[in-house]
Number of protein chains: 2
Amino acid sequence: MASTIDDVARAAGVSTSTVSYVLSGKRPISAPTRQRVERAIRDLGYRPHAGARALASSRTNVLALMAPLRVDVNVSVIMQFVTGVVTAARTYDHDVLLLTADEIAGMERVATGSMVDALVMMDIEADDPRVPVLARLSQPAVLIGLPRDPEGLSCVDLDFDAAGRLAVRHLTRLGHRQVALVGSPRAVLERHTSYAERMIRGFTQATSDAGVEGIVEPCESSMVGAVDAIDRVLARQPDVTALVVHNEVALPWVLAALRERGRRVPDDVSVLAVCPPDVAVGQPLPLTSIDIPAHTIGTVAVEMAMARVEKSAPAETRLLTPQLVERASTVPPAR
Amino acid sequence: MASTIDDVARAAGVSTSTVSYVLSGKRPISAPTRQRVERAIRDLGYRPHAGARALASSRTNVLALMAPLRVDVNVSVIMQFVTGVVTAARTYDHDVLLLTADEIAGMERVATGSMVDALVMMDIEADDPRVPVLARLSQPAVLIGLPRDPEGLSCVDLDFDAAGRLAVRHLTRLGHRQVALVGSPRAVLERHTSYAERMIRGFTQATSDAGVEGIVEPCESSMVGAVDAIDRVLARQPDVTALVVHNEVALPWVLAALRERGRRVPDDVSVLAVCPPDVAVGQPLPLTSIDIPAHTIGTVAVEMAMARVEKSAPAETRLLTPQLVERASTVPPAR
DNA sequence: CTGAAAGCGCTAACAC
DNA sequence: GTGTTAGCGCTTTCAG
């Protein structure tokens, strides 16, 4: 333990550089020496010192992830993003430094202090103040979400515009003419969180294109919030036949509220959820849903980051095409 | 940008060591020089290189957190642990490297590679295979949970034994003589997860001491699981008057199942939840609860870790005393 | 295919 | 109260 590269070199009877090169593979090593070195490494339980390596190579093999660890939002989606990022990072031999969203100076700190090779930032708002900061850093950054101006940074997200349109298309094809979007909490909207606004835009555009009546109601992530939202929908659109619910947390309460108000799903009203598949399936009735591929998005974010680090690939923005899975909660309207 | 300590020294007209010492405060510096140095630092936007610092000082200012990022468990409690750890770490000028639980080799990797000063490990099982590994590391580790043998490591957790007893005491004082514990999923029990077993032990011991009839039923974290558990309870104990629910995820479904089976809360059956306060309050009826102070536990874990790093304090295990908050869901039994 | 040696940027003796 | 300097452990030219 606590052995250095020189210990290994000595034990293997080679020079330090040779050990370094068998480790990095950056130059050919003859089979016999390679084996002697590998043996020595194993015998000594040698592991390179991360700091020394970072100092000499200016690569840390760490990437920063800034995640919104608030409890108010869709925690399980965040969790899936995070696991996606962490497992993908490991695949590139990187570890993940976790920053919370309230620590805006954190990204600058870890980047300027050369603690990380790249940064991944979740929960981007339209005019996110972090974007200009990230843009000036010397490390590449990947945004999960879509700011109004990416300022040359890479972005990745589900194509929520398309998701809104896809939802409407599915419902109108079934014959629905009165549809409502039960969306994100007002606070999320007020932060101009990118995904919520794009979803609404896609939904609104598609309803208007299809000539159907579509309304949008925000929805707090609580039981009361869901009940309120449903009541507002029913007040504005008493004959609504289909609901698009874009709020994982409120989802169970929305379903409960509908039942309480005497509307059966799917007989009286169809419900299309926008959420990860496991929550769609976990409900009393398996819900038709548009998947939020959180794990995939996290993975792609890391791939984009590593591409920029390793191959200094150019920045790009990638919008994943939404997928709809039909289950038991959407049917043609009654009558 | 990208300036070094020597740049700063030159700009301030002092030696490198002086700059280092104003940064670390490890020796007295006259006010004028200190100011010149601080000015130079600000002007150059200087930030020390983390790797170089780690190499020279063998301190990384990073700590590892191994969190179970499975989706099946109480995600929001995990989230609170994590935020507790991250924010506490920041107060000690440390950042947090996130490891997932499925990556058992990860702790060894980051520790042996000198990436971290200490490790915090969540979700400890009775005979957790990670414990012996951690015990051999040269960095201190803190376990959140209680293994059968801590092997000299620090531990911190809610005193779940006491929580079980406290729950029973509260209910028996109200007059309940037939109580049931609706607990963790079978999978959690089978992993011998420490908190679940201790809760059961405290509950069982207290019911038997008080001479009341107490039964225990595991409960899967899903709607069907909750319904099943309630049905099993009602089958075994038809006249049950009080339930202790130790499963945040199943909690709403448990309440729904009770109502479905015609048992009103609290008139027919009292419910005492073991969960974070926000989920107890977020239910249709505000629930009497024993708090799981996840954030605090995370904070304490970091404090213990830092104490060992900075003051090489001895290991210890700390069990936080559970707190019961009475709300609307527990009343004396009917009749 | 392998070695020697010059740093990478910082800390912490050791001087004065 | 301040300066000099020898490492910390690794990568990567430059030589062979």
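Numbers restart at 1 for each chain; the letters A, B, ... are given by sequence-line order, proteins then strands. Scope of the values below: all heavy atoms of this structure, side chains included, with no hydrogens, waters or symmetry mates.
Within 4.0 Å of A/G13, counting heavy atoms only, lie sugar-phosphate atoms of the nucleic acid but no base atom.
Within a 6.0 Å sphere centred on CZ of B/R136, heavy atoms belonging to other residues, nucleotides or ligands number 12 at most.
Side-chain nitrogen and oxygen atoms of B/K26 include none within less than 4.0 Å of the OP1 or OP2 phosphate oxygen of C/dT11.
Mapped onto DNA chain D by nearest heavy atom, A/T18 and B/R27 fall at different nucleotides, with B/R27 at the one closer to the 5' end. Heavy-atom distances to DNA chain C give each of A/T33 and B/Y21 a nearest nucleotide, and the one nearer the 5′ end belongs to A/T33. Sequence order on DNA chain D of the closest nucleotides to B/I29 and B/T16 puts B/I29 first from the 5' end.
Distance, B/I5 CD1 to D/dT2 C1': 14 Å, rounded to whole Å. For B/L23 and C/dG9, the CG to C1' distance is 12 Å, given to the nearest whole Å. Taking atom CZ of B/R47 as the reference point, atom C1' of C/dC10 lies 16 Å away to the nearest angstrom. For the pair B/H49 NE2 and C/dG7 P, the computed distance is 17 Å after rounding to whole Å. Atom CZ of B/R53 and atom P of D/dC10 are 21 Å apart (whole Å).
Listed candidates were D/dT4, C/dC1, C/dA4. Nearest to the side chain of A/P28 is C/dC1. Closest approach to the A/S30 side chain among D/dG7, D/dC10, C/dC1 is made by C/dC1 (side chain taken as heavy atoms from C-beta onward). Distance from the side chain of A/A56 is smallest for D/dC10 among the nucleotides D/dT4, D/dC10, C/dC10. Closest to the side chain of A/S17, out of D/dT12, D/dT4, D/dT11, is D/dT12. Listed nucleotides: D/dC10, C/dC10, D/dG3. Nearest to the side chain of B/T4: C/dC10.
Remark: A/E38 does not engage A/R42 in a salt bridge, criterion side-chain N to carboxylate O under 4.0 Å.
Interface remark: the B/S57 side chain does not form any donor-acceptor pair with the C/dA12 base, using a distance-only criterion of under 3.5 Å. At a cut-off of 3.5 angstrom, the base of D/dT11 holds no donor-acceptor pair with the side chain of A/S20.
Closest approach of A/T60 and A/S114 over heavy atoms only: CG2-O, 3.2 Å.
Remark: B/H192 NE2 to B/E125 CD distance equals 9.0 Å, nearest 0.5 Å.
The closest donor-acceptor contact from the side chain of A/D117 to the backbone of A/N61 lies under 3.5 Å.
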